[in-house]
Protein chains: 2
Amino acid sequence: MSKIQHRNLYREVADRIRELIEHGDLAPGERISEKQLCETFGVSRTPLREALKVLASEGLVELLPNRGARVMQLTVKMVKDTYDLMGALEGLSGELACQQINDGQIAAICKLHDQMLEHYHNREMQAYFAVNRQIHESILAAANNQVLEEMYNNLSYRVKRVRYSKKMTDAFWRQAVNDHEMMIVALKARDGKRLGQILRDHLCHKLEVVTLAGVIEDDELINAVNG
Amino acid sequence: MSKIQHRNLYREVADRIRELIEHGDLAPGERISEKQLCETFGVSRTPLREALKVLASEGLVELLPNRGARVMQLTVKMVKDTYDLMGALEGLSGELACQQINDGQIAAICKLHDQMLEHYHNREMQAYFAVNRQIHESILAAANNQVLEEMYNNLSYRVKRVRYSKKMTDAFWRQAVNDHEMMIVALKARDGKRLGQILRDHLCHKLEVVTLAGVIEDDELINAVNG
DNA sequence: TGATGGAATTATGAATTCATAATACCTTTT
DNA sequence: AAAAGGTATTATGAATTCATAATTCCATCA
């Protein structure tokens with residue numbers, strides 16, 4: 001029996017705007033018109049403005065006092081900084097996971113790993129990514145640290161718009177799979193330090209293959225009156 | 001020439017509530033009455049509610065749909081989890097700082113370090129903590145990663161209510177100073193890995209001396225209807 | 001022609017009002 | 001007296017209204 005969902009309008013609206021941003025329907029740097037979004041969603045300005053405050057706290061939106069909101073501009077440096085941070089968090093998740101993960105959880109991850117390998121050999125990129133994500137989520141969950149999970153998800157949302165290169169080269173893909181092989185070894189050995197290090201490096205490799213679509217150079221930021 | 005500050009009411013209110021929580025005027029788990037706070041601050045409910053949304057995103061406040069807000073309850077596990085996370089972030093800040101810090105910045109930190117030592121020897125705890133914080137902030141700043149800084153500050157705000165033990169033992173204090181001595185050595189050598197490790201350990205030591213005032217056991221959480 | 005100044009318009013900030021869910025209190029019944 | 005049910009009250013959720021800052025556009029003047 002699932003709990004009754006007390007949905008608030010502002011949460012619903014925030015979710016929808018997040019989707020719009022993620023999907024690119026709201027472009028980076030684009031001005032967000034309250035009136036227009038209100039009409040789109042069919043809500044008044046109150047819940048919309050509350051949603052914008054939340055999204056601003058999450059770093060997805062920028063609020064310019066007396067001048068409204070706009071989709072946060074990502075700079076190359078910000079993306080790099082975020083990846084550095086996510087690397088540290090993934091590393092921590094690996095260390096923590098090794099401290100308390102049980103055999104069943106490890107077996108489950110190994111199973112996912114095998115699935116992933118199969119998708120790799122069949123060159124099913126879509127499916128590969130899906131399972132890949134599941135593996136990382138499993139490790140994060142095994143770390144059993146809610147605060148970490150929350151922070152990681154938030155960061156990951158910020159850079160979700162930065163898409164992987166459509167033509168991820170074979171070499172990179174091979175490298176990624178190789179990283180994962182090492183992860184499994186470290187995980188089975190419950191070698192936290194090592195797993196953490198592999199995860200950190202793994203994310204660095206990831207950064208190398210992202211296309212910086214919608215990302216601007218550091219000095220191209222649209223100037224704004226600061227609050 | 002400093003920029004004109006466009007203050008919004010909701011920011012002001014959020015700051016004030018943060019202070020109330022930090023100072024303990026709003027106790028953990030305490031119900032926050034909109035009406036009462038509105039009267040206290042002399043504002044209408046709109047900016048207050050916007051402020052609460054922001055504080056909820058920051059993890060300082062909990063919003064219960066149709067039942068208002070209350071100050072976030074910290075559990076022992078949450079504090080421990082948060083410290084683990086902050087350790088990882090401090091570690092990263094050390095690594096990053098070593099990669100790009102210049103001699104001037106190092107000299108400035110060394111100066112702070114000497115001041116801190118003096119306060120230690122004079123047993124001026126208040127002054128010691130102030131300089132101590134400056135050192136950590138300097139390293140964080142030297143890391144030159146805005147996202148990291150933002151996250152770290154947020155986490156630090158969440159556990160600010162958890163006070164250091166009034167009677168921090170001499171042994172712990174000695175240990176802390178010792179950690180700092182090693183930090184300086186690693187920093188001067190620009191040994192990022194090492195500085196990172198020291199900072200991580202240093203935070204673990206810190207966790208040991210916090211008094212868990214206002215912090216409850218994991219299973220004592222007041223049950224609430226979830227949104 | 002370009003720059004400056006001011007009125008008109010538009011958008012945001014905040015207060016108020018209305019709607020509804022949650023709570024408290026009282027009555028009724030066994 | 002205790003429990004159940006229903007009404008009254010209170011607090012929150014959302015829409016609307018009012019105030020004000022920002023922008024646009026046009027007229028004026030150098």
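As the structure is a prediction and not an experimental result, all values here were calculated from the model. As a basis for the values below, the full set of heavy atoms in this structure was taken, side chains included, without hydrogen atoms, waters or symmetry mates. So you know, we letter chains A, B, ... as the sequences are listed, proteins then strands, and number each from 1.
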*Asks:* Establish, yes or no, whether the cationic atom of K53(B) lies under 6.0 Å from the six-membered ring centre of Y10(A) and within 45° of the ring axis.
*Replies:* yes

*Asks:* How close do L187(B) and C98(B) get, counting heavy atoms only, and between which atoms?
*Replies:*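 Shortest heavy-atom separation between L187(B) and C98(B) comes out as CD1-SG, 4.2 Å.
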
*Asks:* Nearest whole angstrom, please: distance from the C1' of dA11(C) to the NZ of K35(A).
*Replies:* 9 Å

*Asks:* Could you check which of dA14(C), dA11(C), dT12(D) has an atom nearest any side-chain atom of R31(A)?
*Replies:* dA11(C)

*Asks:* Can you check whether N8(B) has a side-chain N or O nearer than 4.0 Å to OP1 or OP2 of dG13(C)?
*Replies:* yes

*Asks:* Whole-Å distance between dG13(D) C1' and E50(B) CD?
*Replies:* 14 Å

*Asks:* Within this structure, what is the NZ-to-P distance between K53(B) and dT12(D), rounded to whole angstrom?
*Replies:*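 Going from K53(B) (NZ) to dT12(D) (P), I get 11 Å.
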
*Asks:* Which of these nucleotides, dA14(C), dT16(D), dA21(C), is closest to any side-chain atom of T46(A)?
*Replies:*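 Among the listed nucleotides, the one closest to the side chain of T46(A) is dT16(D).
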
*Asks:* May I have the distance from R67(B) (atom CZ) to dA11(D) (atom P), rounded to whole angstrom?
*Replies:* 14 Å

*Asks:* Answer yes or no: does a side-chain N or O of R49(A) lie under 4.0 Å from OP1 or OP2 of dT12(C)?
*Replies:*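 No, because none of the side-chain N or O atoms of R49(A) sits under 4.0 Å from OP1 or OP2 of dT12(C).
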
*Asks:* Regarding dG13(C), can its base be found pairing with the side chain of R45(A) as donor and acceptor, where the two atoms are less than 3.5 Å apart?
*Replies:* yes

*Asks:* Taking the nucleotide of DNA chain D with the nearest heavy atom to each, does G68(B) or V43(A) sit closer to the 5' end?
*Replies:* G68(B)

*Asks:* Mind calculating the distance between CG (L63(B)) and C1' (dA11(D)) to the nearest angstrom?
*Replies:*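 Taking atom C1' of dA11(D) as the reference, CG of L63(B) is at 14 Å.
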
*Asks:* Whole-Å distance between dG13(D) P and F41(A) CZ?
*Replies:*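 Whole-Å distance recorded here is 20 Å.
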
*Asks:* Could you pull out the closest heavy-atom pair between S93(A) and A143(A), with the gap in Å?
*Replies:* O-CB, 3.6 Å

*Asks:* Closest approach of E150(B) and S57(A), non-hydrogen atoms and distance?
*Replies:* OE2-O, 4.5 Å

*Asks:* Quick one: E34(A) CD to dA15(D) C1', roughly how many Å, whole number?
*Replies:*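 After rounding, the gap between these two atoms is 14 Å.
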
*Asks:* Hey, is the side chain of S44(B) poking within less than 4.0 Å of OP1 or OP2 on dA15(C), counting only N and O atoms?
*Replies:* yes

*Asks:* Might you work through the side-chain hydrogen bond (donor to acceptor under 3.5 Å, both in side chains) test for H202(A) and E90(A), ending with a clear yes or no?
*Replies:* CA-CA 9 Å; H202(A) 183 60; E90(A) 282 236 25; over 6 Å; no

*Asks:* From OH of Y10(A) over to P of dA14(D), roughly how many Å is that when rounded to an integer?
*Replies:*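 That distance rounds to 9 Å.
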
